[in-house]
Amino acid sequence: MAKEDILNGLTDAVVEGDDDLAEEFAQKALDEGVDAYEAIIDGLAKGMNVVSDMYEKGEAFVPSLLLAADAMYAGMEILTPYIKTDATNVPRNVVVGTVEGDVHDIGKNLVKTMITAAGYNAIDLGVDVPLDKFVETAKEKKAVAISMSTLMTTTMGGMETVIEQLQEEGLRDSLVVMVGGAPISRDYAESIGADGTAGDASGAVETLSSLVSALPADLWSESSVSASKMKYKEILAQKGTREDIDVGLLTAEKILADYDSVVPKFNETMTKKERFVSAFQDKKVDRLPVAPLICGLSRKFVPCSYADYSTKAEMYAASAVAGTKYFNIDNFVGLTDLCVVAGDFGATIRVPEEDTPAAIGHLEDYETMEVPEIKEGTRAYNLIQGNKLATEKAKAIDAPITALFEGPMVALTQIMGATRVLSDLRTNPDVVQKALDKTTEYCKEMAKMMFEEAQPDNLCLVTLWTNNIILGADEYMKTEGKAMQNVFAPLYKEYNKPMVVHNCADAPHWDLIKKWDTKYYSYTFYPEQVNKGSKDHKYLIENYGKDVMFGGEVSPIAFMDNSPANIEKIRNETIALQESVLNTLKENGMQSKYVIATGCEVPPKGPCDTVTAQSYTVAETGPELYKKIIG
Ligand code: B1M
């Protein structure tokens, strides 16, 4: 077979995600004397680039990327031992991982795949990587680069700590430091002293390669290390030691102190419940409801730790009611974490004192999944009891409580690991479906108990994978979408409750909302993602507003900075959003069906006064704006 045909065969095998074919062509390459390195780069890696491009253009979804990666690794396993080496050819190690506190792994895995495809030896430390592990491994392996990912604003600070550790040890100039993930901008990367960042996995490896090729030789010698140590000594000394201030607690204390003099001055003529229910029915209100997702942050008024908030029913209830009252919001949405079901199925959950719990240990086999009974001691039971208590207590302030729990597919990906489930969806659909039936059964039971025992005002299901950056709509409808339509929508009807859905992703397949008969949908909007399907209130109200009440729009990340300038910005943007929503409602013949909110949880370590900058502004300016625009 001609060399070109072999290389094309390798490329096609990766594009099709076919492991067997990749192995077959890899063997052919060896048999026909094609250089192993060339076969990897011009065959396998080329295929990976094709799929990656298709993904960036929205023509392929995450499962295709994961299967392509598997095929690439299958071919590489055969070819790698035959890569020609000479004395100067040492492996170029790159240490890869998601930083401590963050368990998002899909993007990190894609970056690792592209790094591997470019011919580097990626040392994958996984997710939730202790910060000193990056430095330790880089030192041990004399790495040419460290590649750190994070998807959360709460954990991005860890990247700077790694860079400082490298500086302290005199290793900063010995390697390239790349940082990335959705919240990482070029400015941020620069400000923490990273060498580069990129918006996607292909960009990451392009930048990494050009930076690595510019590294001078012999940077790991003793003399360079001690020169580097000296160089950064002063910079580090200037930074000093950072004080760990609990900004959430401080700002909550200030709100508590001001509450009695500030809040009664608002011109509110409806109770929280009256306003929320009226808006839900598109009836006249005194102003639009406001309900940012301030789940864990509310614990700062109790105060209690995040661990207590998410694992003790009384603490959850106390936080829900205190948050509703002091933030002056019209609906509390009870997100504790997204691994309640996973915990009950036996996945290992890490519950830090002051951060959101995360699933860190997955089950080995789908077959070992057994549907547990919801009883005292289970996390589901605790959440049900917490919502029961919260709903009872919230009656005193006439405020609605929306209980929340993860839908069957989020539950399954938390139990088995997202990367695994998303690729097994294609290779082992029956096994995934059976497992999904089990989580569906558990989630259904949980919903029933919520309706019957806890009786919250609303019950919200979290669906993350209806997201066109992850799965195509058809593929989603074959899995969780089917359960949403055939199991959960009828269940909500049976209990005469509106179907409420939260998707903290910003680009879901919007048309699915109708299929499930959704009545309330909470979303995020990221203007820079409009080409990927992120939509604002204008589009949503115009297209679905009559059937669905939307809440969201505002990115929770905007709430992390409580500098006076940002507080002022939040206030101005809140006024502008109300004006625009009210005008859009009016243009569409409606009068109140929309909630001013954040589309995902305000990080639980954030400040509280950014929240009141939104909620108090709505209370203060809302009535006049409402009168002016709606009448
Ligand atoms: Co979470 N989540 N999540 N989540 N989640 C986000 C990230 C969030 C942005 C949603 C939102 O606000 N709209 C939000 C963070 C907000 C913030 O910053 N404060 C959020 C939150 C709040 C949370 C929890 C705290 C929710 C809760 O429990 N209260 C919790 C955190 C748990 C923890 O980590 N401690 C949580 C949990 C989860 C799940 C486990 C349910 C699940 C993750 C499953 C998994 O990965 N194993 C999940 C998911 C799926 C998401 C969203 C919906 C999608 C993330 C994703 O996989 N994207 C996300 C919303 C969103 O992003 N729209 C959200 C697809 C992936 C291919 O893209 O990872 O960005 P990405 O990678 C890209 C680029 O960023 C880039 O290349 C990749 C490929 O092109 N890139 C690099 C990545 N690394 C790079 C490195 C580089 C360069 C480029 O150089 C080194």
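Reckoned from all heavy atoms, side chains included, excluding hydrogens, waters and symmetry mates. All residue numbers in this chain count up from 1 along the given sequence.
Across every non-hydrogen atom of A189 and V179, the tightest pair is CB-CG2, 3.7 Å. Contact between K593 and D282 at its shortest, heavy atoms only, is N-OD1, 3.1 Å. When every heavy atom of R275 is checked against every heavy atom of R287, the shortest pair comes out as NH1-NH2, 3.1 Å. Nearest heavy atom pair, residue V333 against residue C295, reads O-SG, 3.3 Å. Taking each heavy atom of G545 and F550 in turn, the nearest pair found is N-CE1, 4.3 Å.
Here the side chains of L625 and I575 are in contact, with some heavy-atom distance below 4.5 Å. Within the 4.5 Å cutoff, the side chain of E168 has no heavy atoms near those of the Y232 side chain. Side-chain atoms of N328 and K272, non-hydrogen and from C-beta on, do get closer than 4.5 Å to each other. Using a 4.5 Å cut-off on side-chain heavy atoms (C-beta onward), T621 and Q578 make contact. Under the 4.5 Å side-chain criterion, counting only non-hydrogen atoms from C-beta, T207 is not in contact with T197. Counting heavy atoms from C-beta outward, T584 and E542 have side chains that stay 4.5 Å or more apart. Annotation: side chain of L250 is not in contact with side chain of K254 (no heavy-atom distance under 4.5 Å). Contact annotation: the side chain of I567 never approaches that of P564 to less than 4.5 Å [non-hydrogen atoms, C-beta and beyond].
In terms of modelled atom types and a separation under 3.5 Å, the side chain of T518 and the main chain of I513 share a donor-acceptor contact. With hydrogens and angles ignored, the 3.5 Å screen pairs no side-chain donor or acceptor of S580 with any backbone N or O of A576. In this structure a side-chain-to-backbone donor-acceptor pair under 3.5 Å is missing from T463 to T466. Counting only distance, with no hydrogens or angles, the side chain of D457 and the backbone of I401 share a donor-acceptor pair below 3.5 Å. Between the side chain of Y520 and the backbone N or O of N458 there is no donor-acceptor pair closer than 3.5 Å. T610 places no side-chain N or O within 3.5 Å of a backbone atom of N562 that could act as its donor or acceptor partner. Side-chain atoms of Q614 never come within 3.5 Å of backbone atoms of V611 as a donor-acceptor pair (strictly under, hydrogens ignored). Using a distance-only test at 3.5 Å, with no hydrogens or angles considered, no donor-acceptor pair links the side chain of N267 to the main chain of E620. Judged by distance alone, the side chain of E553 and the main-chain N or O of T598 form no donor-acceptor pair under 3.5 Å. Within the 3.5 Å criterion, the main-chain N or O of S522 finds no donor-acceptor partner in the side chain of N503.
The pair R299-D308 does not meet the salt-bridge criterion, since no charged nitrogen lies less than 4.0 angstrom from a carboxylate oxygen. With respect to the salt-bridge test (charged N to carboxylate O, under 4.0 angstrom), the residues E56 and K532 qualify. Ionic pairing of D506 and K535 is not present here: no N-O contact between side-chain nitrogen and carboxylate oxygen is shorter than 4.0 angstrom. Ionic pairing of D195 and R172 is present here: one or more N-O contacts between side-chain nitrogen and carboxylate oxygen are shorter than 4.0 angstrom. Using a cut-off of 4.0 Å between Lys/Arg side-chain N and Asp/Glu carboxylate O, R350 and D128 are scored as salt-bridged. With respect to D561 and K569, no salt bridge is recorded, no charged nitrogen being found less than 4.0 Å from a carboxylate O. For the pair K139 and E169, the salt-bridge criterion is met [side-chain N within less than 4.0 Å of a carboxylate O].
Between the side chains of N331 and T402, at least one donor-acceptor pair of N or O atoms lies under 3.5 Å. In this model, no donor atom of one side chain and acceptor atom of the other lie less than 3.5 Å apart for D200 and Y55. In this model, no donor atom of one side chain and acceptor atom of the other lie less than 3.5 Å apart for T356 and D337. T155 and T150 are linked by a side-chain donor-acceptor pair at a separation below 3.5 angstrom, with hydrogens and angles left out of the test. A side-chain donor-acceptor contact under 3.5 Å links N109 and T419. Side-chain contact of H104 with T98: a donor-acceptor pair under 3.5 Å is absent, judged by distance alone. In summary, the side chains of Y306 and E353 do not present any donor paired with an acceptor at a separation below 3.5 Å, with no hydrogens or angles considered.
Checked against the 6.0 Å centroid criterion, the rings of F266 and Y616 qualify as a close aromatic pair. Ring pair Y539/W510: centre-to-centre distance not below 6.0 Å.
Once rounded to the nearest 0.5 Å, the distance linking CG of N467 with OH of Y523 reads 15.5 Å. We find the OG1-CG distance between T413 and L464 to be 7.5 Å, quoted to the nearest 0.5 Å. Rounded to the nearest 0.5 angstrom, F559 CZ and T612 OG1 are separated by 9.5 Å. Between M178 atom CE and L208 atom CG the span is 5.5 Å, to the nearest 0.5 Å. Taking OG of S147 as the start and CD1 of I115 as the end, the distance is 4.0 Å to the nearest 0.5 Å. Once rounded to the nearest 0.5 Å, the distance linking OH of Y309 with CG of L297 reads 10.0 Å.
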Would V351 and T311 count as a side chain to side chain contact (heavy atoms under 4.5 Å, CB included) if you check the C-alpha gap in whole Å, the side-chain angles of each, and the deciding distance to 0.1 Å? CA-CA 9 Å; V351 184; T311 58; 4.2 Å; yes
I would like to know whether V595 and L288 meet side chain to side chain contact (heavy atoms under 4.5 Å, CB included); could you show each step before the answer? CA-CA 6 Å; V595 183; L288 288 176; over 6 Å; no
Apply side chain to side chain contact (heavy atoms under 4.5 Å, CB included) to residues K108 and D124 and explain how you reach the verdict. CA-CA 9 Å; K108 181 271 296 171; D124 185 3; 3.0 Å; yes
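Residue K273 qualifies as enclosed at atom NZ: its count of foreign heavy atoms under 6.0 Å is above 12. For E579, the CD atom is densely surrounded, since the number of other residues' heavy atoms within 6.0 Å is greater than 12. Atom CD of E190 sits in a sparse spot, with 12 or fewer heavy atoms from other residues, nucleotides or ligands closer than 6.0 Å. The number of heavy-atom neighbours closer than 6.0 Å to CD of E528, taken from other residues, nucleotides and ligands shown, is above 12.
Between F301 and F327, the angle of the ring planes goes over 60°, which puts this pair in the perpendicular group of the 30/60° scheme. Aromatic ring pairs are classed by plane angle as parallel below 30°, tilted from 30° to 60° and perpendicular above 60°; the pair Y326 and Y259 is perpendicular.
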